[in-house]
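As the structure lists them, so they are numbered: ligands from 1, and atoms in each ligand from 1.
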Amino acid sequence: MRIYIDSANVEDIKLMIKRLPVDGVTTNPSLLAKEKNNPMKQLKAIKEVLEDHIELHAQVLSAHAEEMIKEAEYMREHLGENLYIKVPVTPDGIEAIKELHKRGVNITATAIYTPMQAVLAAKAGARWVAPYVNRLDMIGADGVLVATTIHDILTQINDKAGVLAASFKNVQQILNLSEIGVGAVTVSPELLKEILYHPLTDKAVCDFTNDFYKITSEGASM
Ligand code: G3P
């Protein structure tokens, strides 16, 4: 399973990349707005801290297909051709995905709430489809089930597209999708930190250290 950081904060991204095996960074207009910087400047600052193998995903803002396509081309001009363009799965979005796919653009279809939206986006040429797991849970639907259904359909029809599940609020949602072999998840830095935390791990490390000091001296190491 590929792991992406869902953030537009350069410091958080740098720290997560240093510590974890990260495959990419996903941003959206809301995440960029939190950084209170010019959005393109912020995306360039993010791009600068990414090693070549780490993908950057950036989203179009326009509501109309033609404008989405122009925005995508503009972002590729400034951020490089291996950028992934995020496009919401509105009717205009699907039209834009079809055209961008023809032009060889990497696409992540986003704001997905139903399996059929994902199927159409994949058929239109999206490489990744991003169901919003927690936002589905928040409206009384089952986000993990929707993401699982999309994964199963794409696997059955042998589509090149994969699920890049987004919008997580707890580790269990991520674990459930790992178990079914979903292609990728994008997770906030806060939740990525939670994935590793366990008080008994900390206690074990503390016990090892204290035992070691019994035969050496305080602060000693190997
Ligand atoms: O990229 C989509 C994702 O950021 C949505 O997550 O946490 O705002 O529901 P959230």
Numbered atoms and elements of ligand 1 in range of Lys86, under 4.0 angstrom, heavy atoms:
1 (O)
Atom 8 (O) of ligand 1 sits nearest the protein heavy atom Arg135 NH2, 2.7 Å
For the 3.5 Å polar cut-off, considering only N or O atoms, please tell me whether Lys169 and ligand 1 meet it.
yes
Side chain His64, main chain Glu66, donor-acceptor under 3.5 Å:
no
Report yes or no: does Lys86 contribute a side-chain atom to a donor-acceptor pair with the main-chain N or O of Thr27 at less than 3.5 Å?
yes
Once you measure the plane-to-plane angle for His57 and Tyr84, does it fall in the parallel (<30°), tilted (30-60°) or perpendicular (>60°) bin?
parallel
Distance from atom 3 (C) of ligand 1 to nearest protein heavy atom, with residue and atom
Asp6 OD2, 3.2 Å
Is the shortest N/O to N/O distance between Thr110 and ligand 1 below 3.5 Å?
no
Numbered atoms and elements of ligand 1 in range of Asn28, under 4.0 angstrom, heavy atoms:
1 (O), 2 (C), 3 (C), 4 (O)
Going through the checks in order, is the salt bridge (charged side-chain N to carboxylate O under 4.0 Å, His left out) test met by Lys98 and Glu95?
CA-CA 5 Å; Lys98 271 179 63 183; Glu95 183 182 329; over 6 Å; no
Ignoring hydrogens and geometry, is there a side-chain-to-backbone donor-acceptor pair from Glu55 to Leu83 under 3.5 Å?
no
Can you tell me if CE on Met138 sees more than 12 non-hydrogen neighbours from other groups inside 6.0 Å?
no
Tell me which part of Tyr132 gets within contact of ligand 1: side chain, backbone, both or neither, using heavy atoms under 4.0 Å.
side chain
